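Being a predicted model, the structure only gives us computed values, none of them experimental.
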Amino acid sequence: MDYLYAVLIGYFCGSIPTAYWLGRFVYRLNIFEHGSKNMGATNVFRVLGKKPGIATLLVDIAKGIVPVLIVRQYMPHNPVLTFVAAAAAMMGHTLSFWVSFKGGKGVATGLGVFLALATKASLCSLLLFLVTLTFSGMVSLGSILAAAVLPVFVYWFEELGPVYNPYLTVFSAAVALFVIYRHKANIQRIIKGEESRVWGNKKLQNTADAVSTTEKPA
């Protein structure tokens, strides 16, 4: 039963459709019909602006942190349960029952998961993400590279100790592959030189400006 509880806690927390609810109830728009039609913080940032984007990012990160901490606190006898809750949280974010099993790409919630599981490793990956974003302007490229090196940092720091570190390393590698797979369309656009950038893209800026002037908060 503990495994079932871990799955339910993780999935319920992860499935909260932050971007969709923010768009629908505050800005009276369906985020799946604007921008990249994705429920991630990046699309919210592009479509609705900085403040909604930051709010979505923080809540999505919390969706990964909270279930791991809950399971660790109330089920400390089996550390593997934290991996189960973490995986369920990411699954909930990408396949949310609230929005017909659609969702984001798992980056922010995955960051939350590893901030709780392996803080040093996740902060190192976050640093690489920020450096990549600074020089390229592409959130997708930063996310892909950060995910790819995460297992290396997890293995190096051994934050759960030598007994559970191999399990955590394998888990982080699986998460990395999942995140990279979710970015397969972005990878194709990067190769073609067609990937959108956070700044320096007039088309995206014009789209955001149009939405902000026509869609007013309730």
Side-chain angles (χ1 to χ4, degrees), residues 6-7 10-11 13-20 31-32 35-46 56-57 59-61 63-65 67-68 80 82-118 121-133 136-155 166-198:
V7 169
Y11 184 83
C13 291
S15 67
I16 297 171
T18 316
Y20 177 78
I31 196 66
F32 289 113
S36 63
K37 299 178 173 60
N38 181 266
M39 202 177 70
T42 302
N43 194 38
V44 175
F45 177 85
R46 289 169 175 162
T56 300
L57 175 63
V59 174
D60 283 352
I61 291 174
K63 284 158 49 177
I65 295 175
V68 172
V80 175
T82 59
F83 300 160
V84 174
M90 292 196 62
M91 190 60 64
H93 177 71
T94 56
L95 296 170
S96 172
F97 76 96
W98 295 102
V99 286
S100 302
F101 296 97
K102 295 184 288 185
K105 295 179 179 177
V107 177
T109 301
L111 173 60
V113 161
F114 282 96
L115 281 172
L117 286 174
S122 59
L123 289 177
C124 287
S125 284
L126 177 60
L127 178 61
L128 176 61
F129 167 83
L130 294 173
V131 170
T132 304
L133 177 62
S136 71
M138 291 184 283
V139 173
S140 58
L141 180 60
S143 300
I144 292 166
L145 293 180
V149 301
L150 178 63
V152 178
F153 290 132
V154 168
Y155 176 80
Y167 299 100
L168 183 58
T169 302
V170 171
F171 177 66
S172 64
V175 169
L177 290 174
F178 177 74
V179 169
I180 293 171
Y181 173 77
R182 294 282 292 178
H183 284 83
K184 59 184 185 298
N186 302 85
I187 294 173
Q188 294 175 353
R189 290 195 295 269
I190 291 172
I191 294 173
K192 295 178 181 179
E194 300 173 351
E195 180 65 337
S196 300
R197 300 172 188 267
V198 174

Residue among L168, T169, V170 satisfying side chain to side chain contact (heavy atoms under 4.5 Å, CB included) with Y155
T169
S140/R189 under side chain to side chain contact (heavy atoms under 4.5 Å, CB included): CA gap, chis, key distance, verdict
CA-CA 10 Å; S140 58; R189 290 195 295 269; over 6 Å; no
Looking only at heavy atoms, what is the nearest atom pair of M39 and P17, with distance?
SD-CB, 3.7 Å
Grab the two heavy atoms, one from P151 and one from A173, that are nearest each other, plus how far apart they are.
CG-CA, 3.5 Å
Count the heavy atoms belonging to other residues, nucleotides or ligands that lie under 6.0 Å from OH of Y181, then report whether that count exceeds 12.
no
Does any pair with a residue in residues 142-154 pass side chain to side chain donor-acceptor pair (under 3.5 Å), and if so which ones, sequence neighbours excluded?
none
Quick one: pull up CZ in F97 and NZ in K102 and give me the separation to the nearest 0.5 Å.
15.0 Å
Side-chain heavy atoms of E195 within contact of L141, under 4.5 Å
no
So I180 and I187, side chain to side chain contact (heavy atoms under 4.5 Å, CB included) or not? Walk me through it.
CA-CA 9 Å; I180 293 171; I187 294 173; 3.9 Å; yes
Under 3.5 Å, is there a donor-acceptor pair between the side chain of K105 and the main chain of G40?
no
Assess whether atom CZ of F178 is packed by more than 12 heavy atoms of other residues, nucleotides or ligands within 6.0 Å.
yes
As an exercise, state the distance from CG of L111 to CG of L57, rounded to the nearest 0.5 Å.
7.5 Å
Give the minimum heavy-atom separation between I190 and M138, together with the two atoms involved.
CG1-SD, 4.1 Å
Once rounded to the nearest 0.5 Å, what's the spacing between atom CG of D60 and atom OG1 of T18?
4.0 Å
To the nearest 0.5 Å, atom CD1 of I61 lies from atom OG1 of T56 at 11.0 Å
Does the N38 side chain pair with the main chain of N43, one donor and one acceptor, at a distance under 3.5 Å?
no
For G110 and M90 the tightest heavy-atom approach is CA-SD, 3.9 Å
Closest non-hydrogen contact found for N186 with R182 is OD1-O, 4.3 Å
Report all side-chain donor-acceptor pairs from residues 121-129 shorter than 3.5 Å, counting only partners two or more places apart or in another chain.
unit_1	atom_1	unit_2	atom_2	d
S122	OG	F114	O	3.3
S122	OG	A118	O	3.1
S122	OG	T119	O	2.9
S125	OG	A146	O	3.2

Would you confirm whether S96, through its side chain, and H93, through its main-chain N or O, come within 3.5 Å as a donor-acceptor pair?
no
V68 to A116 - nearest heavy-atom pair and separation
CG1-CB, 3.6 Å
Excluding sequence neighbours, so at least two apart, what forms ring-ring contact (aromatic ring centres under 6.0 Å, His included) with F83?
F171
Could you tell me whether the side chain of V139 reaches within less than 4.5 Å of the side chain of L133, counting heavy atoms only?
yes
